[in-house]
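Structure first, then comments.
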Amino acid sequence: MIKGIKSLMKTFCLKLKFKNDITIKPTRGLCYKSEISVLNGEGKRGKIVLGKNFHVRDYTRIVAWGGEINIGDYTSINAHSACISLNKITIGNNCSIGPGVYIYDHDHAFNENGKIPGEFKSSEIKIGNNVWIAAGVIILRGSVIGNNVVIGAGCIVQGNIPDNMLVTSKRENNMIKLEKRN
């Protein structure tokens, strides 16, 4: 009961604070310790649309920093995840996003002298319907993930993943004997 009241209060506060920049359909839960915000970035105002029965856990950040974030119906994002947009991120319906997942539609711009302060490269991310993204996944700018996809824990996704795929990372343990210290 108290969780439901906190979720309603958070929804009300978000709508009051961000007015036309955020659309929230009836949700299952917006955890009190999550951050959902719309910021000015790259000379434009961000926008967020959260679908019906969307659910987000504690310590998760959803930030439209001049970009757009559209999250479909019945989608949930687990704790300690981040979805940050300078461009556009679309997540479909019935998606389950595990803990510690990072979705960024941008990265820092570099030249021969290194990182260019305050400059970013960005391109849209699209995630289809019925997608399960396991713990610790990183989704990089320009990625397109099809429908009915499962992405295994710890993967780094860049590029296109067609419908109906299981994605895993090849992992091997590399063991190096340590020398004794006196």
Heavy-atom pair of closest approach, residues Ser169 and Gly154: OG-O, 4.2 Å

Let me have the donor-acceptor pairs involving side chains of residues 86-93, under 3.5 Å, with sequence neighbours excluded, atom names and distances please.
from: Asn93; atom 1: OD1; to: Asp73; atom 2: N; distance (Å): 2.7

Euclidean distance, Ile139 CD1 relative to Gln158 CD, rounded to 0.5 Å: 12.0 Å

Considering all heavy atoms, the nearest Ile77-Thr60 contact: CG2-CG2, 3.8 Å

Residues Ile151, Ile161; criterion side chain to side chain contact (heavy atoms under 4.5 Å, CB included); working and verdict: CA-CA 10 Å; Ile151 301 176; Ile161 298 174; 4.3 Å; yes

Plane angle bin for His106 and Trp65 - parallel if under 30°, tilted between 30 and 60°, otherwise perpendicular: perpendicular

Ile133 side chain near Val157 side chain, heavy-atom distance below 4.5 Å: no

Minimum-distance pair of heavy atoms, taken over all atoms of Cys83 and Ile69: O-CD1, 3.5 Å

In one Ile/Leu/Val/Met/Phe/Trp/Tyr side-chain cluster, 4.5 Å: Phe120, Ile84: yes

Side chain Ser81, main chain Tyr102, donor-acceptor under 3.5 Å: no

Pairwise side-chain contact, Asn129 with Asn94, heavy-atom cut-off 4.5 Å (strictly under): no

Same apolar cluster: Val144 and Met165, side chain cutoff 4.5 Å: no

Value rounded to 0.5 Å, distance of CG in Asn160 from NZ in Lys126: 10.0 Å

Whether Ser85 side chain and Gly67 backbone form a donor-acceptor pair below 3.5 Å: no

Heavy-atom check, side chain of Val137 versus side chain of Val167, under 4.5 Å: no

Residue pair Lys47, Glu68: steps toward the salt bridge (charged side-chain N to carboxylate O under 4.0 Å, His left out) verdict: CA-CA 5 Å; Lys47 183 173 176 70; Glu68 291 181 42; over 6 Å; no

Salt bridge (Lys or Arg N to Asp or Glu O under 4.0 Å) contacts touching residues 96-109 (sequence neighbours left out): Asp107-Arg141

Chi angles and distances behind the side chain to side chain contact (heavy atoms under 4.5 Å, CB included) call for Asn164, Asn148: CA-CA 5 Å; Asn164 307 307; Asn148 309 309; 3.2 Å; yes

Closest approach of Tyr104 to Ala82 (non-hydrogen atoms, all atoms of both residues): OH-CB, 4.0 Å

Atom of Ala153, atom of Ala134 and distance for their closest heavy-atom approach: N-CB, 3.4 Å

Value rounded to 0.5 Å, distance of CD1 in Ile127 from OG in Ser143: 8.5 Å

Where Ala64 and Ile48 come nearest, the two heavy atoms and their spacing: CB-CG1, 3.7 Å

Within-4.5 Å side-chain heavy-atom neighbours: Leu140 and Ile156: yes

Exercise: do Asn130 and Asn147 side chains pair donor with acceptor under 3.5 Å: no

